[in-house]
Amino acid sequence: MRAVDIITRKRDGQVLSREEIGFLIEGCVKGNIPDYQISAWLMAVFFKGMTAEETAFLTDSMLHSGEIVDLSDIPGKTVDKHSTGGVGDKISIPLAPIAAACGVFVPMMSGRGLGHTGGTLDKLDSITGYRTRLPQEDFNRIIKECGYAMTGQTEKVAPADKILYALRDVTGTVESIPLITASIMSKKAAEGTGALVFDVKCGNGAFMKTPADAEKLASMLVNTGKALGKKCSALITAMDNPLGKMTGNFLEIEESMDILEGKGPADTTELTLELAARMNMLAGKASSPEEGRKAAEEAVSSGRAMEIFLKNVALQGGDGKKLLADRGRRRSQYKTEIRAENSGTISAINAYEVGKAGIVLGIGRTRADEEVCPDAGIIFHAKQGTEVKKGDIIMEAYGKNSSCLAEAAAMLEKTIVYGGDGGESSGHTSAGNIILKEITDGK
Ligand code: URA
């Protein structure tokens, strides 16, 4: 077999076999096929696409390029959640303990933030002492002790994805639905979870900007999961406006605790409970989304979910006492306010632009090796749908230093849309309608 023939066949729109795809992935990981040939093949895939079967073959080859985590000692059904990434998306943090309180075992492996989107690990790292690099034995032990554990992916999980992603990043081939599917699914399947719920974001702050693309990605994720023997379901959810009332690493831990206590914002609460409902169904703990949601609501109202969260913090080395003492107080000393320039109703706050301002403040990063600031963040006092008077505070912004504040404030002012219909907003308001569509088994 020769790489050039496989590239040519894909360039001409032909369907590749499992052996051809396996040959390319093995050659890429072993260094037998040069980057320029892999890049040319990625571009051919970008333009010609892949069938569902080719995508499943690619995912399977990438998955077997590294280690597969062994969760066989977990005494029950395992379900993880994956979000395609957004601004203010802290949902994994309250979701895992809520699902755990319902009897689901949640082996959660998350990533760091990059570009305008945040990452769960950066948020967890803001809890003093909390360990986000757990050895395998600790990961499994903590799941058994409190129902869930949260860690970063090791270098050994799907190494092919790291090589391919780095090439996609510099060759303009990131935005390909089969390549995104194989990238996400290979990592998630390598984590050993039995089932998966996807939160596929849609809107200006998401990878998928249109409902049609979000639906294609959601269907491909669910179908590829099925081909790998994993039960999956996906919710397509709005990402035009930042989620919740806070963005920032420690601030999002605070908002997660609010959700766990039943006093979170409407949109983040709704999304968390609906995802928990699907996790309950996939684990066989509920026979309908309604029943799954009821169990999730009960886990919150009884205080069990919050108890499990605090137990997890302690098991992962976090300082729970300091966390509770810091709640509502821990803020960067460098602060600015963004006030309403007009009176009227806010129709949208552009999530993508908020994410970019977040990088300036120090919430996020543009390069994988950059540090983030745990205490940087934005508190939204008004969101889409809120009526404001000229001069009202709309946002408080906290920065990593004093010199970033003026630039970030100017960027944040431009994120606010007054009146009108919110431009291209998918209709997500702070009162709800965050869930746009559900895809289960490709339907
Ligand atoms: N997230 C991933 O893990 N991979 C992609 O290709 C895109 C988003």
Side-chain angles (χ1 to χ4, degrees), residues 21 24-25 28 38-39 41-47 49-50 54-56 58-63 65-66 69 80-87 89 91-92 108-122 150-191 193 196-210 213-225 228 230 232 234-237 239 351-352 355 364-368:
I21 292 171
L24 274 188
I25 297 306
C28 148
I38 300 292
S39 300
W41 176 74
L42 289 169
M43 190 58 87
V45 171
F46 182 89
F47 281 116
M50 279 186 146
E54 282 177 296
T55 308
L58 175 61
T59 308
D60 199 48
S61 300
M62 289 168 68
L63 151 69
S65 69
V69 174
D80 191 7
K81 186 266 310 189
H82 178 82
S83 155
T84 57
V87 180
D89 183 3
I91 304 299
S92 293
M108 206 168 254
M109 291 201 182
S110 308
R112 296 197 182 279
L114 191 59
H116 73 280
T117 62
T120 299
L121 287 191
D122 293 321
M150 304 188 101
T151 192
Q153 270 149 358
T154 68
E155 293 299 306
K156 292 174 186 156
V157 165
D161 180 58
K162 289 183 189 70
I163 302 170
L164 290 184
Y165 198 90
L167 292 175
R168 288 166 60 203
D169 209 21
V170 292
T171 56
T173 51
V174 169
E175 296 88 354
S176 149
I177 288 176
L179 294 178
I180 294 174
T181 301
S183 166
I184 292 173
M185 276 309 303
S186 61
K187 286 177 290 198
K188 283 286 154 189
E191 289 167 10
T193 186
L196 270 163
V197 174
F198 294 102
D199 178 1
V200 177
K201 303 282 187 204
C202 171
N204 68 56
F207 253 111
M208 297 295 122
K209 310 287 181 208
T210 65
D213 279 347
E215 205 171 318
K216 265 191 227 155
L217 177 60
S219 298
M220 210 169 218
L221 284 166
V222 169
N223 286 332
T224 307
L228 296 173
K230 311 261 174 213
C232 297
L235 294 182
I236 299 173
T237 71
M239 184 32 74
Y352 176 64
R365 56 169 75 76
T366 47
R367 281 195 335 264

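The figures here come from the full heavy-atom set of this structure, side chains too, leaving out hydrogens, waters and symmetry mates. A quick note: this is a predicted structure, and the numbers were derived from the prediction, not measured. Every number for a ligand or one of its atoms is a count from 1 in the order of the listing.
Protein residues having at least one heavy atom under 4.0 Å from any atom of ligand 1 are Y165, R168, I180, S183, I184, K187, F207, listed by chain and number.
Between V157 and A190, the shortest heavy-atom distance links the atoms CG1-CB, 3.8 Å. For G85 against K201, the heavy-atom pair with the smallest separation is O-CG, 3.5 Å. For the pair T55 and T59, the tightest heavy-atom approach, listed with the atom from each and the gap, is O-OG1, 2.6 Å.
For K188 and F198, the positive end is not near the middle of the six-membered ring at less than 6.0 Å and at most 45° from its axis.
Every side-chain contact (heavy atoms from CB on, under 4.5 Å) that S61 has, sequence neighbours left out, goes to I21, I25.
There is no side-chain donor-acceptor pair under 3.5 Å between S186 and D161.
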